[in-house]
Amino acid sequence: MLPLNATITQITDESPAVRTFFFDPRFEDMEPGQFVMVWIRGVDEIPMGLSRNNSITVQKVGEATSKLFELKEGDSFGLRGPFGKGFTLPVKGEKILVIAGGVGAAPLSPYAEAAFAAGAEVHTILGARSAGDLLFEGRFEALGKVYVSTDDGSKGVKGFVTDVLKSLDMAAYDRISVCGPEIMMSSVFRLLEERKSLEKAEFSLHRYFKCGIGVCGACCIDHSGLRVCKDGPVFSGVQLIGSELGKYSRDASGRRVKI
Amino acid sequence: MLPLNATITQITDESPAVRTFFFDPRFEDMEPGQFVMVWIRGVDEIPMGLSRNNSITVQKVGEATSKLFELKEGDSFGLRGPFGKGFTLPVKGEKILVIAGGVGAAPLSPYAEAAFAAGAEVHTILGARSAGDLLFEGRFEALGKVYVSTDDGSKGVKGFVTDVLKSLDMAAYDRISVCGPEIMMSSVFRLLEERKSLEKAEFSLHRYFKCGIGVCGACCIDHSGLRVCKDGPVFSGVQLIGSELGKYSRDASGRRVKI
Amino acid sequence: MYTLTGLKLKNPTILAAGVLGTTGASLCRVAREGGAGAVVTKSIGPTPKTGHHNPSMVRLDCGFLNAMGLPNPSYPSFLQELEFAKNNSPAPVVASIFGGNPSEFAEVAQGLLPAKPDAFELNVSCPHAEGYGAAIGSNPCLVEAVTAAVKDVVNVPVWVKLTPNVADITCIGNAAEAGGADAVVAINTLKGMAIDIESGYPVLGNRSGGLSGKAVKPVAVKCVYDLYTALEIPVIGVGGVSSWEDAVEMMMAGATAVQVGSAVYDRVDIFSEIGAGIEAFLERKGYSNINKIIGLAHEMV
Amino acid sequence: MYTLTGLKLKNPTILAAGVLGTTGASLCRVAREGGAGAVVTKSIGPTPKTGHHNPSMVRLDCGFLNAMGLPNPSYPSFLQELEFAKNNSPAPVVASIFGGNPSEFAEVAQGLLPAKPDAFELNVSCPHAEGYGAAIGSNPCLVEAVTAAVKDVVNVPVWVKLTPNVADITCIGNAAEAGGADAVVAINTLKGMAIDIESGYPVLGNRSGGLSGKAVKPVAVKCVYDLYTALEIPVIGVGGVSSWEDAVEMMMAGATAVQVGSAVYDRVDIFSEIGAGIEAFLERKGYSNINKIIGLAHEMV
Ligand SMILES: Cc1cc2nc3c(=O)[nH]c(=O)nc-3n(C[C@H](O)[C@H](O)[C@H](O)COP(=O)(O)OP(=O)(O)OC[C@H]3O[C@@H](n4cnc5c(N)ncnc54)[C@H](O)[C@@H]3O)c2cc1C
Ligand SMILES: Cc1cc2nc3c(=O)[nH]c(=O)nc-3n(C[C@H](O)[C@H](O)[C@H](O)COP(=O)(O)OP(=O)(O)OC[C@H]3O[C@@H](n4cnc5c(N)ncnc54)[C@H](O)[C@@H]3O)c2cc1C
Ligand SMILES: Cc1cc2nc3c(=O)[nH]c(=O)nc-3n(C[C@H](O)[C@H](O)[C@H](O)COP(=O)(O)O)c2cc1C
Ligand SMILES: Cc1cc2nc3c(=O)[nH]c(=O)nc-3n(C[C@H](O)[C@H](O)[C@H](O)COP(=O)(O)O)c2cc1C
Ligand code: FES
Ligand code: FES
């Protein structure tokens, strides 16, 4: 479908470089973990996880995100989606662990909320560079226990989410859901692999998206050939065994780039 | 839609020049009076009224109908439809008069049956050149009174359907449904006009069809510009007041041809 | 009121050639009941043609395929239809004509002049009529000559209808403009074909034909966009328009008005519906008039 | 087993160029899980290209519009992907290549030869990459030269992929055949465009692009039909195939095999589904083998 016209209804500063944009169409049927293609007209179209069924939470990194940061309430952008496969929802009584690094908290926050609403017990490991960068701490805290880690130790454990994870009893969780920078996700992956907990883990990947709808092949990962945009972005830990995760990704031309 | 493949399941000789072809797809939802476009592959595609929800009843007149007559059971042709607007069904307790001339009995027979099934009282005037050409006499007789007229007097009244019609009390009928050669229909039309009964009459027209789906404009009638293939083939008497009916029609090139 | 090559249109929607345009009464119905801003006749030629065998038009999953074969009663017989249309239509009536060469085009135009059509549309673009249509329309020299020949003998606007079945439609548009065309109309149908797999027979009586409807809209939008850049004269957009959104899109690409053909399949009053939709859109978006959106896509960079 | 220019295919369905063909692993997935009889890579050129800005592909009511802009890592970087594909794919792997002139085409072909592709497909038909693709593909002399240049340096079959954006595709097909092509592939996408009416912006980052999917099937069938008549070499049909019925239609028009691109949107295993559907059709209709239906429409008169 052609992009929908989305009008910005509200903008919230989450941290110096992260903002949430609320918009007008509401995707009632979205699966937490799904993404939209956000078209900043005249500039570019980029993938963004849905941080609510009517918001995206964006870190300013380059051209398109900078242009997005210039938009005001009442301005609009184009939206295609929601696309892809989200996180698997737990059933009532299950206990889940959410591991979010940086802006990875964006797609995980609606997931944690939906899991809570479904009757699961939700624990979160929330990591960021420093205290000011912690995203959606309040949303996670409203659901259950939150373990915080910061690189600089300005809040919680000084170090990485893995430093918290190591100290937890993974056997206590029915599901583990992970999203964050790839370096972080691959550390978590290795740790879960060691602890034989990959079966219950899901990871939300980032790759360069062109079509976003599973046709062009730009986002396929080795060696499964799975499409991050359509077969993912959320994959089970088992699907990622032996994959390129943490090793390399491909740029817009399809060239391999080391992580 | 592309033509369906229709397999001939049975062929019945109705008279020397008229045959019924039963075919495999059954149009459960057809409205009596609707037509199909019958594609005799490699030859032509021609309109035919549905004489049942799985049959057409064809008079051999030229190239396409002759080719159709060469087909055997098990052979197939293409079918598009059903198309157009059929006759209006009466409600329970109404009394209707069906006026069928020649092969005009084809679309009227399922109509008469449906009217009867709906609880109407069905009288029929069935006209033909001679006794052997009377079509579906049995089907109409099973429903109610049948008045027969033949040009040569070999059965029933010698003369035309109008000769029977004149003798009937039109006020006794709630609906009058007409199909047959245009000369006949225009005589009926004039008679009903004189008797102020056009409001309750419907006529099924024949014009040269190309697209059959209301786009090309080949079948439009003067001066309403109504399309026989889509707005018809069945029109109310009132729609035809002052029309070209009985005066002229247009050939495949669009040239007017006197009736 | 919209003005297009001097014609006054109550809305920028026009009935496309060859659709509900065989009779004067049908043209009037589209103008009156359908609400079209103008109507174009079936393409009329020098001699009567019955056209190709049926099936001559089928609906596909996406769009329609047709090979009518330019059936027409020839200009002498069509005069009475055109006169009826002119006398009874509340909207301008444009005569679509074709011929095998410039002088035949001129002959047909002159032959229809007594009925006083509001404009002529030259069909140099039918993809499925041997020796007519696209055979001329893919040759810039012939297009210029045909246009000039008709311009010479008529004193009403002349529109030239272009085929998309060429490597570069702007070459042909330029030729029409050079020949004196008052507007170009883009696009006629795309060459296409469908086969009945049960029998192996091509579905159309003429085996192949022209694709129209939703399927061709992106192609038409691109042609209009390119012609708008290349030409000075107005571009009339046609191809797959079946809603006011499509019409607005076509106008943003550069169309001054749109024609609607296949979509009469859905409903005859699609013209007034599109006209009203455009008005409501202009109002909602605060565009003071239609000119604000014509060619708008060219400015958005 | 089907044979196509010497390649052995388990069924006559082939992954089209530029679709799920950027990585070796993805090609293997389409061959294995998807069930394709052969796979064609993304078109690879002489230097790395990131392609056009997004949006680079959108789904329309009818079909898809894309302007990727031939993103590719260039042949030196692609070698490892092609090698992976060749080593792991259960089906033949065809390398699609492009260049700005005959010697660039030859350079890319030679550059990829070490990975031993089963055939080359020359993309002379991309409608939205300046100076590449259709700029060459609408010029018969260039098509012949490009084909001959690649034939000179490789010892595997060479297919030439044609653009429908020309007045007569058979001219270009003849040129490819004259240059020594082992097969032609028809069609690449049709030039098309879509505009976002809320903003007036063309939707694609490149403003315009290429139309594929259901919308183009009738155009592709017609091109294949015409090429089958005009050429001696096999024609591979592509454009809008999304079911076994479509594949059969394409083959009746004259295609020896079909490629499937956009329809992987629906499901990756569409290839085995089409393959099985064709088999079942042949059986039901009592055709002893697939050759009975290739070009069948030409015999039905
Ligand atoms: C499934 C998915 C969900 C995402 N969710 C979020 C989110 O919720 N919040 C958030 O802030 N970011 C998210 N991202 C990352 C976001 O897409 C990039 O930060 C954004 O594209 C940068 O665009 P830019 O023009 O500002 O940067 P550029 O200057 O263009 O590039 C900077 C980097 O951004 C990435 N990038 C650029 N274009 C694309 C593209 N088309 N597809 C993928 N990556 C691209 C590349 O890694 C590139 O190196 C997500 C990415 C994916 C794949
Ligand atoms: C709505 C409708 C319902 C019909 N129902 C029946 C029916 O139930 N039984 C029946 O026997 N006949 C019916 N006809 C008439 C039937 O269509 C023609 O007899 C048939 O087309 C003759 O074809 P041909 O090739 O044998 O004759 P041709 O030799 O081609 O022509 C003989 C005459 O048939 C008519 N005809 C030919 N082609 C067409 C066409 N495409 N559209 C309309 N008329 C055409 C013309 O009047 C022509 O002069 C119906 C026609 C219409 C319009
Ligand atoms: C049944 C039919 C007949 C047509 N006949 C003509 C014609 O006589 N002259 C002409 O210039 N175009 C003719 N066309 C082309 C249309 O005018 C129009 O250019 C084309 O169908 C694309 O528009 P659409 O998608 O709105 O139908 C015909 C189209 C159809 C569908
Ligand atoms: C996203 C996308 C990328 C494409 N890239 C290429 C390409 O690199 N080289 C090429 O020859 N054709 C390319 N094509 C054209 C397809 O191979 C195919 O010819 C066209 O899409 C029509 O087939 P379809 O309708 O099955 O998609 C691409 C098509 C799409 C949709
Ligand atoms: S981005 Fe095109 S397949 Fe994923
Ligand atoms: S036959 Fe085409 S409109 Fe009726």
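Any value given below was found using the heavy atoms of this structure, including those in side chains, with hydrogens, waters and symmetry copies removed. We name chains A, B, ... by the order of the sequence lines, and we start the count at 1 in each one.
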Enquirer: Against chain C, work out which of D:V166, D:I197, D:D61 has the most heavy-atom pairs shorter than 4.5 Å and name it.
Expert: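 Top option by heavy-atom pairs under 4.5 Å: D:I197.
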Enquirer: Using a distance-only test with no angle check, is there a side-chain donor-acceptor pair under 3.5 angstrom linking D:S212 and D:S262?
Expert: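 Short answer, yes.
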Enquirer: If you tally heavy-atom pairs under 4.5 Å against chain C, which of D:P218, D:G192, D:A215 wins?
Expert: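 The residue among D:P218, D:G192, D:A215 with the greatest pair count is D:P218.
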Enquirer: Under 3.5 Å, is there a donor on one side chain and an acceptor on the other for D:K222 and C:S208?
Expert: yes
Enquirer: Can you tell me which portion of D:Y225 sits under 4.5 Å from chain C's heavy atoms? Options are side chain, backbone, both or neither.
Expert: side chain
Enquirer: Looking at C:R284 and D:E198, is any side-chain nitrogen of the basic one under 4.0 Å from a carboxylate oxygen of the acidic one?
Expert: yes
Enquirer: What part of D:L60 gets within 4.5 angstrom of chain C, counting heavy atoms only: side chain, backbone, both, or neither?
Expert: side chain
Enquirer: Using heavy-atom distances under 4.5 Å, tell me whether D:V301 contacts chain C through its side chain, its backbone, both, or neither.
Expert: both
Enquirer: Does a donor on one side chain and an acceptor on the other come within less than 3.5 Å for D:D226 and D:T229?
Expert: no
Enquirer: Let's go through D:S199 and D:D196 carefully: what are the C-alpha distance in whole Å and the side-chain angles of both, what is the deciding distance for side-chain hydrogen bond (donor to acceptor under 3.5 Å, both in side chains) to 0.1 Å, and is it a yes or a no?
Expert: CA-CA 6 Å; D:S199 67; D:D196 172 46; 2.6 Å; yes
